[in-house]
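Counting from 1, the numbers follow the sequence of the chain as shown. For ligands, and for the atoms within them, numbers begin at 1 and follow the listed sequence.
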Amino acid sequence: MQYAEITGWGKYTPPSVLTNDQLATFIDTSDEWISSRTGIKERRISHINTAEMATLAAKQALARAGLLAEDIDMIVVATCSPDLLVPNTASKVQQLLGSNHAACYDLSAACSGFLYALQSATAQIRMGMANKALVIGAERMSWFMNWSKRDTAVLFGDGAGAVVLEASENKSGLLASKIGCDSSARDILKVSNFGTDMDRYVNPPGPLEIAFQGPDIFKRAVRGMGGATQAVLKAAKLSVDDVDVLVPHQANARIIETLQQHLKVADDKVMVNIDKYGNTSAATIPIALCEAVEQGLIEPGSNIMSAAFGAGLTWAAAYIKWGERTTPLSDYEQQEQDCDKNAMELTRIAREHCLAASASES
Ligand code: UT7
C-alpha cells in the first residue's frame with residue numbers, strides 16, 4: 001500500500017506586523033475588544049503577492065524535505081486571494097521555483113482549502129498519479145479588507161504555509177478525512193464586488209470587502225468542525241485519547257476553545273497561534289502545522305487531528321499521522337523577507353480609500 005508522507009514543512013509570515021492598538025488608531029475598536037472576543041493580538045500585512053508568499057513557504061518545505069524544485073511533479077495552491085484569476089497561482093509558483101515538471105492547479109475552498117488540497121493531493125499520490133507534491137495554503141487577505149469595517153478588518157492577516165508529500169511505504173500522512181459544504185449558508189460569508197456575478201458597467205463596484213454574519217458563522221463552525229472531527233475519528237477507529245495534537249483552523253480563540261471542550265482535548269495538545277497572525281484563511285493550517293513541528297508539539301509518529309471551516313460554508317476534518325522525521329534535512333534562509341515599510345505604511349492607500357468611501361456613504 002502506498003501512502004503520502006509529509007517530509008517537508010515550511011511557512012512564510014510577512015515581517016510587517018499590524019497590532020490591535022494600531023488598528024484602533026483608525027477604526028472604532030480596541031485591543032481589549034479584539035483580544036477578548038477573538039484572541040487576536042496582531043496580524044501580518046504582506047508587501048508581496050500571494051504567489052511569492054507561497055513560493056517562499058514552498059522553498060522552506062522543499063529544503064526541509066531535502067528535495068530540489070525539479071523533483072516535484074504536482075503543485076496545489078489553496079487560496080481565495082489569487083494574484084490573478086487566469087493564469088492560476090500554482091503556475092506562478094512553478095515558474096518562481098523552477099519546478100518545470102509539475103502539474104499546477106489552484107483550489108478554492110476558503111479557510112478549508114488546505115485540507116481540501118491535502119486530501120486531493122494525497123489521493124493522487126496514493127493512486128500512483130503523482131509522486132512528490134507541494135501542497136500550499138497562501139493568502140493575502142489584507143487585499144480584501146475594507147479598513148472602515150471594524151467587524152471584519154480586525155480578523156484577518158496574510159501568510160503562507162506549505163508541505164511536501166512524498167509517496168512512501170510508511171503508513172503516515174493523511175490517513176482519514178471528511179470534507180463537505182453547507183451551501184444553505186453560502187451567503188453569510190462572501191467577498192462581493194468581484195467576478196462575473198458583478199454588473200461591472202451598469203453599477204461600478206464599490207470597495208472590495210468580506211461580508212460576514214459573525215455569530216451565525218461561529219455557531220455553524222463549532223457544529224461543522226465538531227461533527228466532522230467525530231466522523232473522522234470514527235473512520236480511523238481512533239478515540240480522542242489517541243490524539244496527540246489538535247491543529248484547528250484559527251478564526252477565533254473562542255471557537256477553538258469550544259471545539260476543544262466538545263472533543264475533550266487537553267490544553268497542552270492544542271496548537272494555537274491566532275494571537276500572532278489572526279485568520280489567514282487557507283494558510284492557517286499549514287502555518288500552524290509548521291509551527292507545531294518547530295515547537296516540538298508534533299513529534300515523529302504523532303497522531304494529529306485538524307479541522308477547518310470557511311466560506312461556502314465549506315468544512316473539513318483530517319487525521320494526519322506524522323512521519324518518522326521532524327528534523328529538517330536542510331533549511332532555507334528567507335532573505336526575501338526584507339520589507340522597508342511598516343504595516344501602517346503598507347495599508348495607507350487602501351485605508352484612505354476605504355475611509356473616504358465610508359464617509360461619503362454616511
Ligand atoms: O474563517 C471563517 C471566517 N469567520 C469567522 O470564523 C468568524 C466567526 N465569528 C466570530 O469570530 C465572532 O462572531 C466575531 C469576532 C466576528 C464577533 O464577535 P461576537 O462576540 O459574535 O460579536 P457581535 O458580532 O455579536 O458584536 C457585538 C458588538 C456589536 O455592538 P452592539 O451591536 O452590541 O452595540 C458590534 O458592533 O461588538 C461590536 N463590534 C466591535 N466592537 C469593537 C464588532 N466588531 C467590533 C470591533 N471592535 N472590532
Side-chain angles (χ1 to χ4, degrees), residues 18-43 78-81 108-116 137 139-142 144-159 161 179-183 185-192 209-226 228 247-260 272-275 277-288 306-317 351 354-355 358 362:
L18 184 65
T19 64
N20 292 346
D21 284 335
Q22 285 172 320
L23 277 169
T25 63
F26 60 90
I27 38 181
D28 182 15
T29 190
S30 64
D31 174 49
E32 201 284 317
W33 192 95
I34 305 170
S35 303
S36 62
R37 296 290 182 117
T38 71
I40 300 167
K41 299 295 287 183
E42 56 191 41
R43 71 286 296 139
T79 187
C80 60
S81 49
S108 172
C111 305
S112 313
F114 178 79
L115 292 182
Y116 267 64
E139 300 280 18
R140 196 175 186 184
M141 300 304 287
S142 62
F144 287 138
M145 283 309 118
N146 182 336
W147 295 109
S148 70
K149 296 276 169 83
R150 67 178 183 176
D151 54 340
T152 48
V154 304
L155 299 178
F156 295 93
D158 301 335
I179 60 177
C181 179
D182 173 11
S183 64
R186 196 168 176 269
D187 288 334
I188 69 174
L189 172 52
K190 62 179 173 187
V191 176
S192 31
E209 66 182 51
I210 298 186
F212 205 73
Q213 289 175 32
D216 197 4
I217 298 170
F218 191 112
K219 279 183 239 142
R220 289 171 188 263
V222 171
R223 221 183 304 137
M225 290 202 294
V247 181
H249 178 51
Q250 316 270 317
N252 186 318
R254 291 184 295 137
I255 296 179
I256 298 173
E257 279 157 25
T258 313
L259 178 71
Q260 181 189 348
V272 180
N273 62 6
I274 189 171
D275 51 323
Y277 307 124
N279 182 351
T280 57
S281 184
T284 299
I285 286 181
I287 293 173
S306 186
F309 67 96
L313 290 179
T314 58
W315 50 262
R351 284 189 287 116
C354 294
L355 296 172
S358 159
S362 53

Residues Phe309 and Cys111: closest non-hydrogen pair is O-CB, 3.0 Å
Do Thr38 and ligand 1 have an N or O pair less than 3.5 Å apart? no
Between the OG1 atom in Thr29 and the CG atom in Asp21, the distance rounded to the nearest 0.5 Å is 10.0 Å
4.0 Å protein heavy-atom contact status of atom 13 (O) of ligand 1, strictly under: yes
Side chain of Arg43, backbone of Val154: donor and acceptor closer than 3.5 Å? yes
Side-chain donor-acceptor pairs under 3.5 Å in residues 253-260, sequence neighbours left out?
| residue | atom | partner | partner atom | Å |
| --- | --- | --- | --- | --- |
| Arg254 | NE | Arg37 | O | 2.8 |
| Arg254 | NH2 | Arg37 | O | 3.1 |
| Thr258 | OG1 | Arg254 | O | 2.6 |
| Gln260 | NE2 | Val265 | O | 3.0 |
| Gln260 | NE2 | Asp267 | OD1 | 2.6 |

Candidates Ala282, Gly214, Ser281; heavy atom nearest atom 9 (N) of ligand 1 found on Gly214
Of Ala253, Ala251, Cys111, the residue with the heavy atom nearest atom 6 (O) of ligand 1 is Ala251
In terms of its nearest heavy atom to atom 25 (O) of ligand 1, the top option of Pro215, Ala24, Ala153 is Pro215
Output yes when the distance from some N or O of ligand 1 to some N or O of Ser30 is under 3.5 Å, and no in every other case. no
The side-chain hydrogen bond (donor to acceptor under 3.5 Å, both in side chains) partners of Tyr277 (sequence neighbours excluded) come to Glu291
Lys41-Thr19 side chain donor-acceptor pair, cut-off 3.5 Å: no
min-distance protein heavy atom vs atom 47 (N) of ligand 1 -> Thr29 OG1, 2.6 Å
